[in-house]
Number of protein chains: 2
Amino acid sequence: MLAEERQQVILSMLKTSSVVKLQDICKKVTCSESSVRRDLQLLEEKGLLIRVHGGAKVKHSLQRELDMTGKSLRNVQQKSSIAKFAAEQIQDEDVVYLDAGTSTLAMIQFLHSGQHLTVVTNGVVHASALADRNIRTILVGGELKTTTKAIVGIETVNSLHHYRFNKAFLGTNGVHPRFGYTTPDPDEAAVKKTALDQSEKNYILADESKIDQVSFVKVAELAKAIIITNRLPKTVLDQYSDQTTIQEVSI
Amino acid sequence: MLAEERQQVILSMLKTSSVVKLQDICKKVTCSESSVRRDLQLLEEKGLLIRVHGGAKVKHSLQRELDMTGKSLRNVQQKSSIAKFAAEQIQDEDVVYLDAGTSTLAMIQFLHSGQHLTVVTNGVVHASALADRNIRTILVGGELKTTTKAIVGIETVNSLHHYRFNKAFLGTNGVHPRFGYTTPDPDEAAVKKTALDQSEKNYILADESKIDQVSFVKVAELAKAIIITNRLPKTVLDQYSDQTTIQEVSI
DNA sequence: AAAAAACATTCCAAATACTGCAAATTCTTA
DNA sequence: TAAGAATTTGCAGTATTTGGAATGTTTTTT
């Protein structure tokens with residue numbers, strides 16, 4: 001099989017799964033690890049994917065952001081399966097709020113225009129991705145944070161009061177039994193808080209690295225949302241399960 | 001087998017498989033490697049395929065388009081010089097409205113964070129580009145048009161009423177002495193109209209292809225804005241100059 | 001916290017592909 | 001039919017690609 005061919009296969013694999021294992025590629029293209037590694041290196045240099053320990057992940061436009069810096073395949077897979085599970089909670093005709101951030105961004109690949117959704121978001125990159133998938137999208141107004149490309153501020157909070165959601169999906173930096181959901185930025189916290197208030201049912205996407213962490217600003221009590229995360233140790237789980245529902249997702 | 005014939009075969013192989021191996025071609029056309037190599041070389045020179053180690057691959061439509069730029073190069077230069085001139089009208093500390101669209105998008109490369117601007121826009125792509133250049137950006141809220149990635153709708157118009165601009169820069173589809181500025185989409189027109197009302201000084205960016213054109217919905221009278229365009233024939237110019245200011249930009 | 005396993009990197013020799021050139025073949029034309 | 005032109009072919013030397021082994025790193029397990 002030609003190098004060119006292999007590389008096309010790799011890219012097409014990434015289109016449907018957002019992470020690929022090196023071993024899986026080897027099997028699919030029937031050649032040595034060395035060759036696949038070289039291919040990955042080349043494709044990474046071209047900026048078409050990002051290599052991680054054990055394989056490669058897609059490169060999306062928010063790649064700069066600190067959050068998705070998952071360095072290992074396992075880590076990225078976790079995020080991807082959490083996103084998939086979250087996306088599956090959405091039903092036809094739902095009006096959904098999608099918070100800015102990479103965990104929620106990963107959900108978009110699992111949505112499709114046939115579901116007739118309306119998605120409200122404060123993520124510029126999210127909005128763009130949703131438009132690409134032909135999904136009805138509403139962007140809240142406000143000031144753009146240059147680093148995360150999230151829309152925040154008082155204007156945004158006001159903007160959000162115009163809407164009412166069936167379901168809201170948010171990321172967070174910290175989940176803690178005593179301090180609830182927390183994030184470092186006060187402006188973003190205010191937006192998250194408002195979104196939670198405007199929605200019927202709330203989901204927090206948090207991989208295990210966020211559990212038992214505390215950040216600067218409190219967004220809400222644990223009870224305010226259902227937590228979607230990976231399999232946790234039982235001792236940890238017990239601390240949370242009396243306060244809210246935890247949805248464990250296997251990789 | 002004739003050379004011409006071989007080349008046809010190669011091209012038809014590429015229609016079904018996106019990459020072909022040199023060896024496979026040899027088998028199919030029953031001739032030596034050297035001949036096939038020469039064929040590939042020729043076809044590559046003609047721009048019909050791209051040679052890769054071990055064979056050839058199809059030329060992607062995007063790459064093909066880039067080759068076609070010979071014709072539209074002039075057009076690009078026009079847009080760029082109009083955009084540059086427009087950007088130069090902006091002064092430090094200005095609060096600027098930037099309408100969605102390609103002509104205004106081209107302005108962003110000429111702005112820099114040292115100017116301490118505040119830019120309000122309804123273009124998602126624009127917002128993203130501005131954030132990349134570290135410029136304070138405010139995005140208006142509203143519904144996203146999936147095709148143009150512009151934010152439009154009643155929400156957007158309301159949103160705009162919260163702001164007041166020193167200068168507004170807009171594109172348009174038609175500029176006409178009698179019918180003024182016109183665009184095809186009523187929603188976009190409403191947004192443009194509001195933006196013009198909220199601004200102290202207005203600029204319309206219109207390359208010569210827009211002059212004397214009329215589209216579906218009227219945005220405003222000519223007098224409402226200064227037109228930035230390329231050098232025009234004097235006869236055309238006269239029709240406009242009594243109604244508004246025209247800024248001619250040389251390419 | 002150490003040991004084990006899995007993965008990554010670097011280098012090497014074998015295999016494969018590429019280039020230009022000269023010989024052989026085919027096609028023209030007088 | 002034979003000379004000349006054009007095309008094709010085979011070849012030698014050069015360059016690229018490939019799979020594997022040895023040597024580091026990171027991640028996972030104990």
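Basis for what follows: all heavy atoms, side chains included, without hydrogens, waters or symmetry-related copies. By convention in this document, chain letters (A, B, ...) are assigned in the order of the sequence lines, proteins followed by strands, and residues within each chain are numbered from 1.
Residues in residues 80-101 of chain A take part in these ring-ring contact (aromatic ring centres under 6.0 Å, His included) pairs, two or more places apart or across chains: Tyr97(A)-Phe165(A). Pairs engaging residues 30-44 of chain A under the salt bridge (charged side-chain N to carboxylate O under 4.0 Å, His left out) rule: Arg6(A)-Asp39(A), Glu33(A)-Arg37(A), Glu44(A)-Arg51(A) [sequence neighbours left out]. Sorted pairs that involve residues 24-44 of chain A and meet ring-ring contact (aromatic ring centres under 6.0 Å, His included), not counting sequence neighbours, are lacking altogether. Residue pairs meeting the ring-ring contact (aromatic ring centres under 6.0 Å, His included) criterion with at least one member in residues 195-223 of chain A, sequence neighbours excluded: Phe169(A)-Tyr203(A). Counting only residues at least two apart or in different chains, salt bridge (charged side-chain N to carboxylate O under 4.0 Å, His left out) contacts with residues 137-148 of chain A comprise Glu143(A)-Arg136(B), Lys145(A)-Asp185(A), Lys145(A)-Glu188(A).
Take Phe179(A) and apply the ring pair (Phe, Tyr, Trp, His ring centres under 6.0 Å) test, not counting sequence neighbours, and it matches His176(A). With sequence neighbours excluded, no residue forms a ring pair (Phe, Tyr, Trp, His ring centres under 6.0 Å) with Tyr181(A).
In Lys28(A), the NZ atom is not crowded: 12 or fewer heavy atoms of neighbouring residues, nucleotides or ligands sit closer than 6.0 Å.
Using a 4.5 Å heavy-atom cutoff, the side chains of Asp212(A) and Gln239(A) are in contact.
Contacts between residues 12-25 of chain B and DNA chain C, defined by a heavy-atom separation below 4.0 Å, involve Leu22(B), Gln23(B), listed by number.
Contacts between chain B and DNA chain C, taken as any atom within less than 4.0 angstrom of a protein heavy atom, begin and end at dA17(C) to dT19(C).
No hydrogens or angles considered: nothing links the side chains of Thr194(A) and His161(A) as a donor-acceptor pair under 3.5 Å. Between Ser80(A) and Ser18(A), the side chains place a donor N or O and an acceptor N or O closer than 3.5 Å (distance only, hydrogens not considered). A donor-acceptor pair shorter than 3.5 Å cannot be found between the side chains of Lys79(A) and Ser103(A). Side-chain contact annotation: Ser199(A) with Asn202(A), donor-acceptor N/O pair under 3.5 Å present. Judged by distance alone, the side chains of Lys167(A) and Gln91(A) do bring a donor and an acceptor atom under 3.5 Å apart.
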At under 4.0 Å between heavy atoms, which parts of nucleotides 16-22 of chain D does protein reach? Answer with one letter per nucleotide, 5' to 3': B base, S sugar-phosphate only, - none. SSBBB--

Step by step, would you call Lys57(B) with Glu5(A) a salt bridge (Lys or Arg N to Asp or Glu O under 4.0 Å)? CA-CA 9 Å; Lys57(B) 67 170 177 177; Glu5(A) 230 172 319; over 6 Å; no

N/O-N/O pairs, protein side and nucleotides 28-30 of chain D side, under 3.5 Å:
none

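Comparing the start and finish of the helix from dA1(C)-dT30(D) to dA30(C)-dT1(D), five pairs each, the helix axis swings through 30°, to the nearest 10 degrees.
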